[in-house]
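In this text, all values refer to a predicted model and were calculated from it rather than measured experimentally.
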Amino acid sequence: MKITFRQVDAFRTVISSGSVTEAAEMLGISQPAVSRLISDLEAEVGFALFQREGRGLVPTEEGRLLVVEVRQAVSGMEHIKDAAAVIGTFGHAMLRLVTTPTFASQLAPDLIADFAERRPKVMTRMEIEANDDTVEWLVSQNHDFGLSTSEPANPALNSLILHRGEVSCVLPIAHPLAGKTSIQLKDLAGESYISYVAGSRFRHAIDRLFDKQGITRSLRFETRTTDAICQLVARGLGISLVAATPAQLEAVAGCVAVPFAAPLDFKAVLIWSGKRPLSAPAEEFLQLARDRATPTA
């Protein structure tokens, strides 16, 4: 038995409309073509599907029984078609990005915005974790990507340096050091200092630098994100050393960024698992990140 979808569709449409004429209009084919499809289906199943009453067609008992199965089958086909359309546009997908607080204010949202412009139907989740080790662990488990301040310690993770830059010192506009062209480490002795929360490798590198030089700060405030640090600085609560692009710092009113003259820089590193294949949306996100990455010497 060889039953085609066109035969089944014609049968279902004639049942719904009650006539070959209306079915032909709905299907966009000729009346003889509809009649031929019905006849071919009857030949395949071995029984009559309709009987004529006046100008209309009435399904036989066998036809009524068959149309129940046909409607289920057609509904299944429609579901497959809809599912294929969703999958084809990544509508089923979710991209999971986890970032350290350092990049939660600008870089991560910028990447997500660029990706959303390309793939508006993909759901994207951004999570913020306090330290690089937690970011690496989550990426090794089930997150697609992570943003960290250093290359991963885990050899099973791949990495891409998105940006490499100098550290800036952010100060209130009215601060005595705000007019300098660069800030030395010794300039910060005794200053009220606003720090990233403990746990990040960038925070650790800063603390180690001060400890090595024997310079004491007044550690009065801690927060998670660069943007939050700058907001506190702008309110005159202290100064800070931050990992941020000039554009990010210029966007914060009330504070000024001065280059920090010390052997300290920062990196924005995208990491992902080398042991799991990337989904199609993740592959596209990675290509977008590669396009944005600052060339390294």
Side-chain angles (χ1 to χ4, degrees), residues 85-132 134-152 154 157-168 170 196 200-202 223-231 242-253 257 265-297:
V86 169
I87 292 171
T89 57
F90 300 152
H92 69 296
M94 174 186 286
L95 187 82
R96 294 174 174 86
L97 173 70
V98 57
T99 179
T100 58
T102 307
F103 307 116
S105 299
Q106 184 178 33
L107 180 58
D110 283 349
L111 285 168
I112 291 172
D114 287 350
F115 181 66
E117 186 175 349
R118 293 192 185 186
R119 291 297 176 186
K121 294 187 178 181
V122 177
M123 181 176 181
T124 304
R125 175 183 295 167
M126 184 182 84
E127 298 178 29
I128 304 171
E129 291 295 336
N131 58 69
D132 301 87
T134 303
V135 169
E136 288 189 18
W137 184 82
L138 287 172
V139 172
S140 71
Q141 296 303 301
N142 60 5
H143 283 61
D144 297 293
F145 296 101
L147 280 172
S148 174
T149 58
S150 59
E151 284 107 328
N154 185 344
L157 298 178
N158 295 324
S159 65
L160 169 69
I161 297 176
L162 296 178
H163 181 79
R164 190 191 300 269
E166 297 179 351
V167 172
S168 295
V170 287
Y196 291 103
S200 80
R201 293 174 192 163
F202 184 67
T223 189
R224 291 189 179 276
T225 70
T226 300
D227 184 62
I229 286 176
C230 292
Q231 294 295 339
V242 297
T245 62
Q248 181 179 358
L249 300 177
E250 290 170 3
V252 181
D265 61 6
F266 79 93
K267 289 180 284 189
V269 183
L270 184 73
I271 62 174
W272 67 97
S273 175
K275 292 192 172 182
R276 294 193 312 270
L278 293 175
S279 65
E283 287 281 8
E284 190 159 350
F285 183 89
L286 179 57
Q287 185 56 55
L288 180 151
R290 287 189 172 118
D291 293 342
R292 285 179 57 97
T294 302
T296 56

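Side-chain atoms of L270 and L147, non-hydrogen and from C-beta on, do get closer than 4.5 Å to each other. Considering only heavy atoms from C-beta on, T149 stays 4.5 Å or farther from Y196 through its side chain.
H163 contributes atom NE2, which lies 9.5 Å from atom CD of Q106 (distance to the nearest 0.5 angstrom). Distance check: N142 CG to W137 CH2 gives 7.5 Å after rounding to the nearest 0.5 Å. L162 contributes atom CG, which lies 11.0 Å from atom CG of D291 (distance to the nearest 0.5 angstrom). The line from CZ of F202 to CG of D132 is 11.0 Å long, rounded to the nearest 0.5 Å. Within the model, atoms CD of E151 and CG of L160 stand 10.0 Å from one another, a figure rounded to the nearest 0.5 Å. Going from atom NE2 of H143 over to atom CD1 of I271 covers 11.0 Å, rounded to the nearest 0.5 Å.
Considering all non-hydrogen atoms of both residues, V139 and F145 come closest at CG2-C, 3.6 Å. Closest approach of L157 and S273 over heavy atoms only: CD2-CA, 3.8 Å. Among all heavy-atom pairs drawn from E284 and F115, the shortest one is CB-CE1, 4.4 Å. Across all their heavy atoms, E129 and P101 have their closest contact at O-CD, 2.9 Å. When all heavy atoms are compared, the tightest approach of T99 to A108 is CG2-CB, 4.2 Å. When every heavy atom of M126 is checked against every heavy atom of A104, the shortest pair comes out as CE-O, 4.0 Å.
In the displayed structure, Q141 atom CD is contacted under 6.0 Å by more than 12 heavy atoms of other residues, nucleotides or ligands.
Distance alone, capped at 3.5 Å, places no donor-acceptor pair between the S168 side chain and the V170 backbone.
Shown here are the side chain to side chain contact (heavy atoms under 4.5 Å, CB included) partners of T223, two or more places apart in sequence or in another chain: A228, I229, L232.
Residues D144 and S279 bring no donor and acceptor atom of their side chains to less than 3.5 Å of each other.
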* Using the side chain to side chain contact (heavy atoms under 4.5 Å, CB included) rule, take L107 and R292 through it: C-alpha gap first, then chi angles, then the decisive distance, then the call. => CA-CA 11 Å; L107 180 58; R292 285 179 57 97; 4.2 Å; yes

